[in-house]
Amino acid sequence: MIQRECGVLKTTYEADMGLYPLPIAKWTVSVLAVVFFLVIPLTLHEYYLSVASLVWIAVIGALGLNILVGYTGQVSIGHGAFMSVGAYTAANLANRLGSPWPVNLIAGGLMAALIGAIVGIPSLRIKGLYLAIATLAGQLIIEWTINHVTFISGGVQASIEVARPRLGPIVLSSQRQMYYFLLVFVVLAIVGTLNLMRTRVGRAFIAIRDQDIAAEIIGINIFRYKLLAFAISSFYAGVTGVLYTYFLGIANYEQFQIGVSIDYLAMIIIGGLGSVLGSIFGAIFVTLLPIVIRYVMEAFGGVFFSQQTVLNLIPNLRLMMFGALIIFFLIVEPEGLNRLWRNIRSYFRVWPFAY
Amino acid sequence: MRQFLAIATTLVVAAGSLLTASPSHAQSKSEIVIGLQCDRTGPTQIVGTVLCPGFHDYIALVNSKGGVEGHKIKALEIDHEYKVPPAVESYERHKKEGAVTMAVYGTPHIYALAAKLTEDRIPGTSPGFGSAAAADGIRYPYIFPIAATYWSQGAAAVDFVKKQLGGNLKGKKIAFIFYDNPAGREPIEVLEDLAAKEGFQLKTFAVPPPGVEMGAQVLDIAQRFRADFVIGHLFGGAPQVSIKEFKRVGYPLKKFVSFVWGAGEANIEGAGGFQVAEGYYVMQFAGVGSDYPVLNEIREMYKKQGKEPPKEMASTVFYNRGVLIAALHVEAIRNALKAKPDGKITGEDAKKGFEKISGFTLGGLVPPLKVTPTDHEGGGLVQIWQVHDGKFVKVTDWFAAYQDVVAKHIKESGTKK
């Protein structure tokens, strides 16, 4: 994931199938694991962990969307709605049947997968912008349904309170516990996606993205794989919704409106379509950038303006800088932050010898 | 060039860290922090850009008079663009900074933070919005609506309509036009109950988000349903559109009463000015106009600093609400400090402070609330004002209506699930 070297020097099938072909990659991953599982949660204040938790939730959602948009080439503006499907499924199960969170998590994911596959049916006939509009319709229909069917939404307020997840006798409620809880699923999601793309299914997705007619001719069942892509991607979205619900302690459809779908699309486009690392970069970028900009403004705004003006300026300038930085990064590297990272890496690999 | 850039960045970063580190100059007593969430850039920015300066001005006024019991107050504002994840982030940031009370802004946000507020024992306010069921202080110990909830607003609206229509609603037709989201639908159950009780015919008209398309609904109300009175419950840019549309179909605006978020000067100006909206009734949970002693004090404070009073003060409805919210937070903190003179108050103390607020009116700007451990709404008082001759004119004094019906709904929502 982090490091690759050229040259195919493998002598066994196991070596060929390894997720990390180089020792340095294994080392990097172990160091990252220590940092994220021990150093960060044990040294930082809970506030930073809550921000990290928001990033983790975004990472899982972005990974799921990237499977569909980046790897399979099918656009979806309905992911916010798929998240709400997962969230409400879990919230209803938790409150009506009192089922434990692992059951709710999987059920939420599966329900979202089912709905996602249904919304994905038009993808068999239409592509690109047309498909985007079809999924947009899915988003609006799901939003409307949750908003109006009280059986799902649990009343006109359309919000269902959910008890905190339990792990045996421990109730996970502090930000530190939540951080670990979410981090486990982030690892599962990353490893799952990395491996999915190495399987027959993943290769079929990529074949469909690159040229669907050619893929059909070489024997890929387009119908099955397109719907499978929608289902897997929506499963991730559903899980994201469930995790978000447990993170906040409430399922509320206003957290999953169309703006959320657009935000996630922005994440994977900024991060890099069709790459796992890109999804992670994108999620971090979109979630953290507004916060970082605010800190910078709070520190430096007082130099130029009065305190009242600063308060009014911060949010507006933040929006402008956010937009400007997105454009900047996309002009610098249209293929996203992942490509930028790879360029930097390959530059330093041979540094100081340019050739 | 590169070297220059590197040096420049280092200098700027160093300057920034110095600036952030500097404010720890000597103070006799510790600062008390209030967490303030705002929406200056999102869909309800016409409220946020005026309400939040009002909040800050009141805090500045309190500090200029020596603070509360000798403690300075610090209001930390974070803008969340009406989005939930930034609201969660700002809540945690405020908690890190040691906020003892949180002024939450927005219905989705108070829902999202309800569990955290209760777990962390920090009182959060949701004035004029949010879950009406949160008036139940036993079930939601750390959530304080501290102003009329949508249920109380609905009850007050029906009572007002009843008086306007001659004291009897039997057989009358009342239309309810609302923004089609959870906050918009919330009052319907109370209105339906009252329809059965008073014998009027209620018809609801949903305006889908983003609330700028309502021509068909308005035409339906005016010409097919022929409503005797209309109750409006719209947010953001929608109230302006509703005034224009009702005007266009020729429906008299003096038969229209709007809930609190369609009631500001900005809403009227957005619809084309006070001349256009002549007759339009609005509901208020804070006093309107600039004729209150506390506002004079704020103007005095600016004059002493040699500055003009801020232009936001001209938009009195939302500005005064900002002052009201700030004043209630300060009052809660004052009560907490009185109970704990050592000044080390926590969220729990502030909660008890809120529950002691009673008869605090700020010269008429704040309704005579009585917040108790069981009633976090404080009575659900509103005033009705009317657009008349280019300004808002007071029509009724503070009142609350059908409190038995509202109480019944609060109780039912507590036993549900």
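Every chain is numbered from 1 and lettered A, B, ... according to where its sequence line falls, protein lines coming before strand lines. Heavy atoms only: backbone and side chains are in, while hydrogens, waters and symmetry mates are out.
Here the side chains of A:Thr287 and B:Glu89 are not in contact, with every heavy-atom distance at 4.5 Å or above. Counting heavy atoms from C-beta on, the side chains of A:Ser50 and B:Tyr91 never come closer than 4.5 Å. Annotation: side chain of B:Glu92 is not in contact with side chain of A:Val51 (no heavy-atom distance under 4.5 Å). Side-chain contact between B:Glu312 and A:Asn312 is present, with heavy atoms from C-beta onward closer than 4.5 Å. The shortest side-chain heavy-atom distance between B:Val84 and A:Leu248 falls under the 4.5 Å cut-off. Under the 4.5 Å side-chain criterion, counting only non-hydrogen atoms from C-beta, A:Tyr253 is in contact with B:Pro182. Side-chain contact check for A:Arg318 versus B:Asp79: some heavy-atom pair is nearer than 4.5 Å.
By number of non-hydrogen pairs under 4.5 angstrom with chain B, the leading residue of A:Tyr47, A:Trp144, A:Tyr48, A:Phe247 is A:Tyr47. By number of non-hydrogen pairs under 4.5 angstrom with chain A, the leading residue of B:Gly42, B:Pro108, B:Ala115 is B:Pro108. Highest contact tally toward chain A, considering only B:Asp120, B:Thr107, B:Asp39, B:Asn181, is held by B:Asn181 [criterion: heavy-atom pairs under 4.5 Å]. Contact count versus chain B (heavy atoms, under 4.5 Å) is highest, among A:Gly249, A:Ser173, A:Ser174, A:Ala251, for A:Ser173.
Neither the backbone nor the side chain of A:Ile57 comes within less than 4.5 Å of any heavy atom of chain B. Residue A:Arg164 touches chain B through its side chain alone, counting heavy-atom pairs closer than 4.5 Å. Contacts of A:Ile314 with chain B are absent, with no heavy-atom separation under 4.5 Å from either backbone or side chain. Looking at B:Pro53, there are no atoms closer than 4.5 Å to chain A (heavy atoms on both sides), in backbone or side chain. Looking at B:Glu119, only its side chain comes within 4.5 Å of chain A, counting heavy atoms on both sides.
Judged by distance alone, the side chain of A:Asn147 and the main-chain N or O of B:Asp180 form a donor-acceptor pair under 3.5 Å.
Of the residues listed (B:Lys95, B:Lys116, B:Lys96), the one engaging A:Glu46 in a salt bridge (charged side-chain N to carboxylate O under 4.0 Å, His left out) is B:Lys95, and it is the only one.
With values rounded to the nearest 0.5 angstrom, A:Ile291 atom CD1 is found 9.0 Å from B:Ile78 atom CD1. Here the CD-OH distance, from A:Glu161 to B:Tyr140, works out to 4.0 Å after rounding to the nearest 0.5 Å.
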Output a table of donor-acceptor pairs, distance under 3.5 Å, between side-chain atoms of residues 79-87 of chain A and any protein atom two or more places apart or on a different chain; print 'none' if there are none.
residue, atom, partner, partner atom, Å
A:His79, ND1, A:Ser76, OG, 3.1
A:His79, NE2, A:Ser233, OG, 2.7
A:Ser84, OG, A:Ala81, O, 2.6

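One side chain, B:Arg93 or A:Tyr295, offers a donor N or O that lies under 3.5 Å from an acceptor on the other. The closest side-chain donor-acceptor pair between A:Gln255 and B:Tyr111, if any, does not fall under 3.5 angstrom. With no hydrogens or angles considered, no side-chain donor-acceptor pair links A:Asn316 and B:Arg40 at under 3.5 Å.
Annotation for B:Gln305: atom CD counts as buried by contact number, over 12 foreign heavy atoms lying within 6.0 Å. Within a 6.0 Å sphere centred on CD of B:Glu97, other residues, nucleotides and ligands contribute more than 12 heavy atoms.
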